[in-house]
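No experiment lies behind these values; they were computed from the predicted model shown. Just the heavy atoms: all of them, side chains too, but no hydrogens, waters or symmetry mates, feed the values below. Naming convention: chains lettered A, B, ... in sequence-line order (proteins, then strands); numbering from 1 in each chain.
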2 protein chains.
Amino acid sequence: MRTSIATVSLSGSLTEKLTAAARAGFDGVEIFENDLLASPLTPEEIRARTTDLGLSIDLYQPMRDIEAVPEDEFARNLRRARHKFELMRRLGADTVLVCSSVSPLAVDDDALAAGQLRQLADLAQDFGIRVAYEALAWGRHVSTYDHAWSIVEAADHPSLGTCLDSFHILARGCDPKGIEDIPGEKIFFLQLADAPLMAMDVLQWSRHYRCFPGQGGFDIAGLLGHVMSAGYRGPLSLEVFNDVFRQAEAGPTAVDARRSLLVLQEATGLATPPAPVVPTGVAFTELVTPDVAPVAALLGALGFTRTARHRSKPVDLWQQGEARVLVNTGPAARRDGTALAAIGLESPDPAAAARRAESLLAPVLPRRRALEDAPLDAVAAPDGTELFFCVSPERSHSLKQGGTGTPDLPELPTWTDDFEPVAHQPAARSVTRVDHLALTQPWHQFDEAALFHRSVLGLGAQESVDVADPYGLHRSRAVTNADGSVRIALGVGPAPTDDGARAQHIALATDDVVTAARRFREAGGRLLPMPANYYDDLAARYEFADGELATYRELGILYDRDGDGEFRHCYTETVGRVFFELVQRDGGYQGYGARNAPVRRAAQHAMRRPGR
Amino acid sequence: MRTSIATVSLSGSLTEKLTAAARAGFDGVEIFENDLLASPLTPEEIRARTTDLGLSIDLYQPMRDIEAVPEDEFARNLRRARHKFELMRRLGADTVLVCSSVSPLAVDDDALAAGQLRQLADLAQDFGIRVAYEALAWGRHVSTYDHAWSIVEAADHPSLGTCLDSFHILARGCDPKGIEDIPGEKIFFLQLADAPLMAMDVLQWSRHYRCFPGQGGFDIAGLLGHVMSAGYRGPLSLEVFNDVFRQAEAGPTAVDARRSLLVLQEATGLATPPAPVVPTGVAFTELVTPDVAPVAALLGALGFTRTARHRSKPVDLWQQGEARVLVNTGPAARRDGTALAAIGLESPDPAAAARRAESLLAPVLPRRRALEDAPLDAVAAPDGTELFFCVSPERSHSLKQGGTGTPDLPELPTWTDDFEPVAHQPAARSVTRVDHLALTQPWHQFDEAALFHRSVLGLGAQESVDVADPYGLHRSRAVTNADGSVRIALGVGPAPTDDGARAQHIALATDDVVTAARRFREAGGRLLPMPANYYDDLAARYEFADGELATYRELGILYDRDGDGEFRHCYTETVGRVFFELVQRDGGYQGYGARNAPVRRAAQHAMRRPGR
């Protein structure tokens, strides 16, 4: 199906909006009137620009406060409409959106509304224009789609149909099943927007919090199913008013918008991109650093051993159990200090995972191949982190044996083939694997990041939680696979800030956090100290075995408990943007110690700025 | 009365919060438990710190999910409470807040709640501690203040009283009159918070949108009146959860908080600061500039004439009608490019205006006096703009004649006495006076700015309006005096940005904007061009006289109309942070052309970044 986007959904000048929509692969646009008014381009120039960009103008919108008004007012409205129809002819737009009136002049008289809309449609017909009448959720007398349709039906004019908007329908809790009672050819347009489920004034909700399908809480796929069953064959068009998207760069927003439509089409059987290949583990994390010594010291103290070196690049492999960290001192490292630049995701089928990602508009990265390198399929996440789909040696074997149910796979080279072992001493092992990664996202891309990880990687998204930092409220939302072997906590700060300051952390799983923390400290590592008051509070809340709390207090180990199990964790100092966490999960605890996050954040501030 | 503030209302570490509260002049604090848990200071150190700062600890808060639970759970809760009471003894805090339970374990049994609270109070009594029980608006079974009081009354224990929170009471629409039925000595504590009137989930509203009294829409003064009538004599304490304050610097937030309490005390007759002296006009605006030529060219083209020069400083006075612009090329000018640095406000009594400002914690600026300077009383607005209270020559005369009802004033020197006339040619006059000033505020200080202008200057605040800029949603809120001779539009952008980029504009009143615009252009001024599409839209909306619209189109004049009258306005180019607007008001139009602002903003972006 054709896809379209309202210009109001994107930031910038009309030119910037059109360019972004075209580059993201939309077929058409809705021209939001204010964007046209503010543009220095004439309607003819806009038409030419859209044609050059391969875009159609699918809708001109909105026309407001037209119907169910006294005759003199309606005469003025028809005059206004004539002007707009002339404009649309210059623009080459053949459908106009008319929103149900919010005017204090409007009266509650469906027959009058139908009669005046019929007159409007008569006029529109002269211009070859179709009028799509839509119920605003806060319309004065018409606020539900079935009411709008009953007026359109009564008007009975070939140039008059209805426009459905998922927000207006679902925000009021209307049952979308009744859409199937509308003849498909009378649904002139379909606008799609999702929104987080919030109890708030519907006008404010609509104007500030709409988001792309899949980013919010509405069942957009269900609604679309009913619209398709009704026989609608027009474009799927996004109309999203969102305070954040208004500030964000139009290009990435448009890509995210298109991705959301692709996922929606997949969910309703309207498109069949390659199926998701859910990652089964974290193969490696890659740190880039201009200064290897503190990174090496930190990894060493954590129990990692440098086991191999890349054949052709300045990259070392540090390993401990199934946890592997690449330390890259190549050219990329010199830009921003120590940072987590890439994540290797264990994939049952790396090539298929990359095809899925590419089909959902993830930027595919050039394969980083030296002469003998194993091919690595990689895409960029919205925050710029490189995601590699790969196979580790122990998994390569089991995959070839058909161990994960994919018996026909061709030979799977493992990414470690690119590395040559270096001599090393076996060390005491504290860490078994990566428990989770926590990545602070660019402020404008938090919702986008969650949708990306859900749709491209097939991870499940958990609820967003607030975390109080001493200097502002952060949010965090985890995306995970079913067995918890891949967990990424996407975070966002209270306001747009310097991207270089965005914290990243790697949480390492251990079966015994006390021993791991002691070993780390004995090896010269510095643990983040936690305030004594925190432990007094733990003592008030829970009963511990003798000496247990004293040990936690000594080592800076934090504790959480829920109905499923227990969580003990502690933190290293920070190098560049990166720090590590040691994590012990017991029972079925699935969280991340969110209630401890404010204390941890305060401790990190205190370490950076002692005495404040 | 004593004033207090909850540490959760301020950003930073506990140390920073305490320091900010003390510097702003609070008598005490509520210690929010999470702030204590995250602090590296021991309770004894916190106690010593507050003592050193002259602060009392008026409340420890909150204790949650205590009452109306099964016996085994309550035993655990008492154990937890004992720990907290021990902590409070170390801290020197003698009152604890207990919020009505939100626990799924709590049962709807007032007798059980009263009995368990009585046991809690028994324990508290052993520690010399008082328990203040408060109804959370979202409490599971107890959510109204009268319900909480009935349980306290039933418990009938000298160490158990109630805590009232204006948000919890007013957010649920409860009638606060019933507070008078509670014996004053049983109201152990009073927490005050305002909030903008919003239809939204009360928990989200409370956690993110609370603000200081006078910044929102609740009748806090009315509620306080009832609390005082009941006989309450404890502290007035602010407890404000606000996403913006969490990020803002604690110092200015604390000052704003104290100011809000002073204004509230004034409104309820609990304090009598000097009465407001409402300004009666804009005496001058002062631009600082490192490069006088473009500023002089712009002023000259607008019809201003350089009429005088300061006796001792590099400051020129440009004048046209009652509009006066000072151009300062002194040292301050070299920092940030051309900017509006000061506003002279006509005052019937400058010294009294300054006393009012000082009593409401406005930073008083050192009088800028050279040897012979007229004394000028000045304070700093939250955005750093200097506000001078002064008398212009034509007003000095009328004030001395008792013309404005202040017949006994001593001789009022006029600020222009500091200036020596320079030879100049009389010019054709386009502008009569300053219509309004529009000042973009630092992002964290938008609500603060409105409260400052209302309380310190006695201006009235209008509703906040949204303005769509191509790169994000702005907000704007006007503060004005009764006759509209002082109008300041406070604006704020979509996110914290570089303060140096904050736009400022001076709108000049003219009786004939067309002539004024033509003269400006003929004198070499450059008007901001507006897009043709905007005029096509005007033609669709309104009927104009022959040629009128063509003239507007030619000159870039924008048009608005409402039930009261008409508004025509156009804009100059921008120099540094500053641009001018020419404004013609007809009839009783009181607005600022907000519906034209998106087009104007887009045109300004287009001028700065052509081709986008």
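Residue A:Tyr535: no heavy atom, backbone or side chain, is found under 4.5 Å from chain B. Contacts between B:Thr19 and chain A at a heavy-atom distance below 4.5 Å are absent for every atom of the residue. Residue contact with chain A, scored on non-hydrogen atoms closer than 4.5 Å, is absent for B:Arg595. Using a 4.5 Å cut-off between heavy atoms, B:Ala603 makes no contact with chain A at all. For B:Asn77, no part sits under 4.5 Å from any heavy atom of chain A, backbone or side chain. For chain A, the nearby part of B:Leu41 is the backbone; its heavy atoms alone come within less than 4.5 Å. Contacts of B:Pro529 with chain A are absent, with no heavy-atom separation under 4.5 Å from either backbone or side chain.
No other option in B:Pro494, B:Pro40, B:Pro43, B:Ala468 has as many heavy-atom pairs under 4.5 Å with chain A as B:Pro494. Counting heavy-atom pairs under 4.5 Å between each of B:Met198, B:His208, B:Lys17, B:Arg76 and chain A puts B:His208 at the top. Highest contact tally toward chain A, considering only B:Ala540, B:Ala38, B:Pro470, B:Ala199, is held by B:Ala540 [criterion: heavy-atom pairs under 4.5 Å]. Counting heavy-atom pairs under 4.5 Å between each of B:Thr15, B:Asp201, B:Asp537, B:Val599 and chain A puts B:Asp537 at the top. Of the listed residues (A:Ala532, A:Ala539, A:Gly472), the one with the most heavy-atom contacts under 4.5 Å to chain B is A:Ala539.
Take A:Asp560 and apply the salt bridge (Lys or Arg N to Asp or Glu O under 4.0 Å) test, not counting sequence neighbours, and it matches no residue. Under the rule for a ring pair (Phe, Tyr, Trp, His ring centres under 6.0 Å), the partners of B:Trp205 that lie at least two apart in sequence or sit in another chain are B:Phe167, B:Phe218.
Residues from residues 79-86 of chain A that place a non-hydrogen atom less than 4.5 Å from a non-hydrogen atom of chain B comprise A:Arg79, A:Arg80, A:His83, A:Lys84, given in numerical order. Contacts from residues 241-253 of chain B to chain A, taken as heavy-atom pairs separated by less than 4.5 Å, involve B:Asp243, B:Arg246, B:Gln247 in sequence order.
A distance of 12.5 Å separates CG of B:Leu473 from OG of A:Ser11, quoted to the nearest 0.5 Å. In this structure, A:Tyr471 OH and B:Ser13 OG are separated by 5.0 Å, a value rounded to the nearest 0.5 Å. Distance check, rounded to the nearest 0.5 Å: CZ of B:Arg609 to CD of A:Glu16 gives 6.5 Å.
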Task: Check against side-chain contact (heavy atoms from CB on, under 4.5 Å), A:Asp466 and B:Arg207 - done: CA-CA 10 Å; A:Asp466 286 342; B:Arg207 294 248 168 108; over 6 Å; no
Task: Step-by-step side-chain contact (heavy atoms from CB on, under 4.5 Å) determination, A:Glu33 to B:Asn533 - done: CA-CA 10 Å; A:Glu33 182 165 85; B:Asn533 297 330; over 6 Å; no
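For B:Arg23, the CZ atom is loosely surrounded, since the number of other residues' heavy atoms within 6.0 Å does not exceed 12. Summarising the local packing, CZ of A:Arg49 is surrounded by 12 or fewer heavy atoms from other residues, nucleotides or ligands at distances under 6.0 Å.
The minimum heavy-atom distance linking A:Pro531 with B:Ser39 is given by the pair CB-O, 3.1 Å.
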